Amino acid sequence: MEVRALHPWPATPGEAETIQDRLRPLLDLTGPGPAAPRTAAGLDVSYEEGTDRLAAAVVVLDMATLQPVEESVVIGTAAFPYVPGLFAFRELPTLIEALERLSVTPDLLVCDGHGLAHPRRFGLACHLGVLTGLPSMGVAKTHLLGSYDPPDRARGSAADLRHDGQVVGRVLRTQDDVRPVYVSVGHRIGLDTACRHALALSPHYRLPETTRHADRLGRRALRA
DNA sequence: GCGACAG
DNA sequence: ATCTTGTCGC
């Protein structure tokens, strides 16, 4: 699929923040988004200890069967130091490369990280959404910012994630008595719709099948 | 001033 | 992200 070029590339954290602020206005935060996407792509990156070598993996699943439709993996290097809030710049180049090698265009992007639940409202999920023009959402394993009341212990329970007086995401329990995940909007999708898809993609485990598949593909490629 | 801080 | 063994429980 086609993906918008990502230069200029930042040389400093300050420049990276400027890029986020410049792209943020391009976000489409209207509408509920795709109610019944046929396919969803999971994106994940695995790192090699010690070096800056990494593997960016993308696995497209059929939303109805949750079975893989296509895979793409690219070995690359971390393109930026790890800085909370600028995390996307580490993996963006390699993830984009993996997306471009896809022969099909997924209906939804499920990213491992936050979208709007970000200090400048422009996390990885937002960035990938703007670059691809596709609906995107973020499902993060850990909290970055915002306050919330612990959701009930049953699968499907959720609580709003609030920051600066705004709802930037939702803490969602995908399995009974299991640590919740942090869902936030990326691009061209609403929070309710995003949570619905996150839940549908997680029938048996805490994390969505999309990211589970991408994770396995990524670390498998890192060894080969 | 002291923590917290996506992966 | 990754380093790491056994262990509790269905």
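Because the structure is predicted, anything quoted here is derived from the model rather than measured. Sequence lines set the chain letters: A, B, ... in the order given, protein chains first and strands last, and positions in each chain run from 1.
A salt bridge is defined here as a Lys NZ or Arg NE, NH1 or NH2 lying under 4.0 Å from an Asp or Glu carboxylate O, and A:D176 with A:R155 fails to meet this definition. Contact check on A:D164 versus A:R121 returns a salt bridge, with a Lys/Arg side-chain nitrogen under 4.0 Å from an Asp/Glu carboxylate oxygen. Residues A:R212 and A:D44 are not paired through a salt bridge, judged by the lack of any N-O separation under 4.0 Å between the basic side chain and the carboxylate.
Checked against ring pair (Phe, Tyr, Trp, His ring centres under 6.0 Å), A:H118 has no partners two or more places apart in sequence or in another chain. When the side-chain hydrogen bond (donor to acceptor under 3.5 Å, both in side chains) test is applied to A:T51, the partners found at least two apart in sequence or on another chain are A:E48. A:Y47 meets the ring pair (Phe, Tyr, Trp, His ring centres under 6.0 Å) test with no other residue; sequence neighbours excluded. Judged as a side-chain hydrogen bond (donor to acceptor under 3.5 Å, both in side chains), and not counting sequence neighbours, the contacts of A:T30 are A:D28. Residues passing the side-chain hydrogen bond (donor to acceptor under 3.5 Å, both in side chains) test with A:R120 are A:Q20, sequence neighbours excluded. Under the ring pair (Phe, Tyr, Trp, His ring centres under 6.0 Å) criterion, A:F89 pairs with A:W9, A:F80, A:H127, sequence neighbours left out.
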What does nucleotides 2-7 of chain B look like as a protein-contact string, B for base, S for sugar-phosphate only, - for none, at under 4.0 angstrom between heavy atoms? ---SBB
Under 4.0 Å protein heavy-atom contact, by nucleotide of nucleotides 5-10 of chain C - B base, S sugar-phosphate only: ------
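Here A:R53 lies out of heavy-atom contact (under 4.0 Å) with every strand.
Using the six-membered ring where Trp is involved, A:Y182 and A:H143 have ring planes that are perpendicular, over 60° apart on the 30 and 60° scheme.
Between the side chain of A:R206 and the main chain of A:T174, no donor-acceptor pair closer than 3.5 Å is present. A distance-only check finds no donor-acceptor pair linking the side chain of A:R162 to the backbone of A:V168 [under 3.5 Å]. Formation of a donor-acceptor pair under 3.5 Å by the A:R53 side chain with backbone atoms of A:L222 is found in this model. The main-chain N or O of A:A198 is found under 3.5 Å from a side-chain atom of A:S202 such that the two form a donor-acceptor pair.
Remark: DNA chain C takes part in no stem of 3 or more antiparallel Watson-Crick or G-U pairs, criterion distances under 3.5 Å.
For the side chain to side chain contact (heavy atoms under 4.5 Å, CB included) criterion with A:S46, the lone passing option out of A:L217, A:V73, A:D215, A:L54 is A:D215.
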Start with the C-alpha gap between A:D52 and A:R90, add the side-chain angles, then the distance that decides, and say whether salt bridge (charged side-chain N to carboxylate O under 4.0 Å, His left out) holds. CA-CA 10 Å; A:D52 62 345; A:R90 276 179 82 67; over 6 Å; no
Criterion side-chain contact (heavy atoms from CB on, under 4.5 Å) on A:L99 and A:L128, from CA distance to verdict: CA-CA 10 Å; A:L99 280 170; A:L128 281 168; 4.1 Å; yes
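Using a 4.0 Å cut-off on heavy atoms, none of the residues of residues 164-179 of chain A approach DNA chain B. Contacts of residues 189-215 of chain A with DNA chain B (heavy atom under 4.0 Å): none.
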What does the 5'-to-3' dot-bracket notation of DNA chain B look like when only Watson-Crick and G-U wobble pairs under 3.5 Å count, and pairs to other strands show as |? .......
